[in-house]
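Note that the structure is a prediction, hence the values are computed from the model and not measured. Proteins get letters first, then strands, A, B, ... in listed order; numbering begins at 1 in each.
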Amino acid sequence: MQNLLHNLNPEQLAAVTLPAQSALILAGAGSGKTRVLTTRIAWLIQTGQVSPAGILAVTFTNKAAKEMLTRLSAMLPINTRGMWIGTFHGLCNRLLRTHYRDAALPQTFQILDSQDQLSAIKRLLKAFNIDDEKFPAKSVMYFINGAKDAGLRAQDVEAHDPAERKMVELYGLYDDQCQREGVVDFAELLLRSYELLSRNQPLREHYQQRFKHILVDEFQDTNDLQYKWLKLLSGQGQSQARSALFAVGDDDQSIYAFRGANVGNMRAFEQEFNVQNLIKLEQNYRSHGHILDSANMLISNNSKRLGKNLRTDAGHGEQVRVYEASSDLQEAQWIIEETKNLIAEGASRSEVAVLYRSNAQSRVIEHALFSAGIPYHVYGGLRYFQRAEVKHAIAYLQLMDNPHNDSAFLRVVNFPTRGIGVRTIENLQGAAQEYGISLYAAVPYMSGKAGSSLSGFVKMIEGMRFETQQMALPELVRVVLEGSTLLSHYAAEKEGADRVENLEQMVSAATQFVSEEGYGQGAPAHLGPRADAQAGAPIVNADGIEILDADAPLATVMSPLSAFLSHASLEAGDNQAQAGQDALQMMTVHSAKGLEFDNVFITGLEEGLFPHESSSKEDGGVEEERRLMYVAITRARKRLYMCFSQTRMLHGQTRYNMKSRFFDELPEESLKWLSPKVQSHWFANKKSAWDDAPLNLGSDNALAQRMAQKAGGGSGWRIGESVSHGKFGEGVIVNIEGSGANCRAQINFGSHGMKVLDLSVAKLERLGR
DNA sequence: AAATTTCTAGTTTTT
DNA sequence: CTAGAAATTT
């Protein structure tokens, strides 16, 4: 036990050893949050306060869950099985699999990822002849998910106008469709298990008694439904003893409001759970002083905070280096120069991160890195299980497990092509709708040539199902890849090599899955739960309720195939760093959350970009952007660079932005401006930018014309120049029209908006930057 | 059914 | 500008 607790600072120690009551831990960036969480669990078990089966730990990503598990098994000699550690969605999946009958789901229900959900909605809209101009699939999806995340079914949503009424109606129809097909979307996993627990008293009480301690990571990212779910499971507000909810979070790092996260849950938790134990972890073990000072001062500009200030023992370190570029190309060039310097000083490339607000910004930088021959890795983009060919293979597997999944049916019924065209499908859909059955089930009702090609497809699926009956999962996958002719189809394609490789990889993914999830290597993949499940389960309590086996629960509850399909939907595959690769790391600020690097570049710090213009419209938007900036700053250990550009290509046209307001919110003494007056000489700097620009100006004449235009018709002002106005404050000249006395300039004053001013009248001052 | 053209939107993202 | 979807042609 000494071992467990030693090296904890006083606050961490206090948090770890709190009594079994509700607790809120405000954990600043780099304050050892994960450590506290895992040590808390280990301590609870080691001191005999709770058995592993009494622990429920919730995270937001699979990666975090995995890390927690790894760290725990390193700390504890006992096995970690029996503990429930996972994402909200993973845990709900487990719950619903176990109690599928009570939840009114088919045993082999399948999970839609967002792509699947969107196409399911598109299909619904088509089937009901909805005007997709008025009701775009995306907004319908947004509406449905919003309602579900708030814990509302269609009949619970209040509609105020006809359009909203239609939305609600569509929501209801969508749920019907999902139920018919035996599929659930992500939000449904949460809502369905919430409803299951709230309606089924014995079941609820069983779990409430079982989980003595519930621990939640990244609490600031919970949405309303997740909070309600926690409240229900912890038995809050009920007379009998309730479980202790231990919530860890940082309100300053809440950057997911746009997808339903509600920071307010922290305050609500504090009040509703009558939290007596509030501990702030403010000691930062990551960043040097100047970096931390910057973060602290910046975030102090936010009004709604629970209050927290990071401190460090690491000393001031170096100042934050700030650079103003004339163009996005030059910005990229500067990043390359500085990176080269860093590497020359001995930094490893994987310890250099380039952060940006939006993905579009990566192109220019990537291009420059490529030209400079610096290896880099861009985060984001398509994950393994989202690739088209993999999704196709998954669809075949889904059909074998649950033939009523119409999405899966439509995806592969004619892929690879087997002469089943649009007409045939339309007829089939008609029949299915008429009888209220799935497409698969409607196939026998089809006659003629179309009917026989369709039943050929069905026979193929049935055949594969029969053939693989006794097979283990990896073997089954192999058979399906070949039997579906997916492999031969891609092998015949010119550019299909990568796709073939991805498909091949699925067999090893299945192998790995089977061994990690505790299925016997040879266990038949789709014959219900684990073969030896009888030995340890199911447990039935006094009320006759089936209770989960504490060991390897998934394996006792669902077949390897079903489990693998869940896994494919819930864990789309690696998107995070591939360790060991010595490449510069590029990512959005959002995906940098939770990571840290010795050297960090924050790029594109311009008004409109960061803070992003569309977020300044909604209230609280700028505060969220500021938190985003806070996250960005606190990623850096030793060196932090910030840069912005006067000119930027966006949506095919050049934009002139002001430097970000965030610069005004940073401590001057922590900043080192590297480019005080580079930009007074516009022409001098323009040259390099023009050389690389993909502009084909045709002739010198055109170039001269363009430059004259840019220079502003001899008005003395030029486009891109920073100016100051008595009423509107700082701005940037975006355009100049006319000449002489009629010369007017369009100026972007940021928060004061875009103005067109008469240059002969307006009192403008040149900004000496 | 594949190839080609036209249109259109365009923060952030995990499950 | 430019990727991805939708529409249209071959």
Between [X] and [N], does any side-chain N or O lie under 4.0 Å from OP1 or OP2?
X      : N      : result
A/R363 : C/dT2  : no
A/N62  : B/dT14 : no
A/N223 : B/dT14 : no
A/S114 : B/dT13 : no

Whole-Å distance between [N] [atom2] and [X] [atom1]?
X      : N      : atom1 : atom2 : answer
A/H567 : B/dT15 : NE2   : P     : 11 Å
A/Q386 : B/dT14 : CD    : P     : 9 Å
A/Y379 : B/dT11 : OH    : C1'   : 21 Å
A/R259 : B/dT15 : CZ    : P     : 8 Å
A/R655 : B/dT11 : CZ    : P     : 10 Å
A/L355 : B/dT12 : CG    : P     : 14 Å
A/N414 : B/dA1  : CG    : C1'   : 9 Å
A/K63  : B/dT15 : NZ    : C1'   : 16 Å

task: For the pair A/R648 and A/E606, find out whether any cationic side-chain nitrogen is under 4.0 Å from an anionic carboxylate oxygen.
output: yes
- request: For the pair A/E366 and A/R363, find out whether any cationic side-chain nitrogen is under 4.0 Å from an anionic carboxylate oxygen.
  value: no
- prompt: Is the aromatic ring of A/F258 within stacking range of B/dT13, meaning centres under 5.5 angstrom and planes under 30 degrees?
  reply: no
A/H89-B/dT15 aromatic stacking (under 5.5 Å, under 30°): no
For [X], answer base if it contacts any base atom (sugar-phosphate contacts may also be present), sugar-phosphate if it contacts only those atoms, and nothing otherwise; contact means non-hydrogen atoms under 4.0 Å.
X      : result
A/T61  : sugar-phosphate
A/G419 : sugar-phosphate
A/Y256 : sugar-phosphate

- line: Comparing nearest nucleotides in DNA chain B, the 5'-proximal residue of the pair A/V422, A/T588 is A/V422
First of A/L570 and A/R357 reached from the 5' end of DNA chain B, by closest nucleotide: A/R357
message: Determine whether the aromatic ring centres of residues A/F370 and A/Y376 are separated by less than 6.0 angstrom.
response: no
message: Cation-pi check for A/Y174 against A/R123: NZ or CZ below 6.0 Å from the six-membered ring centre and within 45 degrees of the axis, yes or no?
response: no
- prompt: Does A/R259 make a cation-pi contact with A/Y256, if we ask for NZ or CZ under 6.0 Å from the ring centre and within 45° of the axis?
  reply: yes
message: Nearest to the side chain of A/T417, heavy atoms from C-beta on, is which of B/dT12, B/dA2, B/dT14?
response: B/dA2
message: Using the side-chain heavy atoms of A/N359, tell me which of these nucleotides is nearest: B/dT12, B/dT15, B/dT11.
response: B/dT12
message: Taking A/G90's backbone N and O only, do any of them form a donor-acceptor pair with A/R94's side chain (distance below 3.5 Å, no angle check)?
response: no
Euclidean distance for P, B/dT13 against C/dG4 (whole angstrom): 15 Å
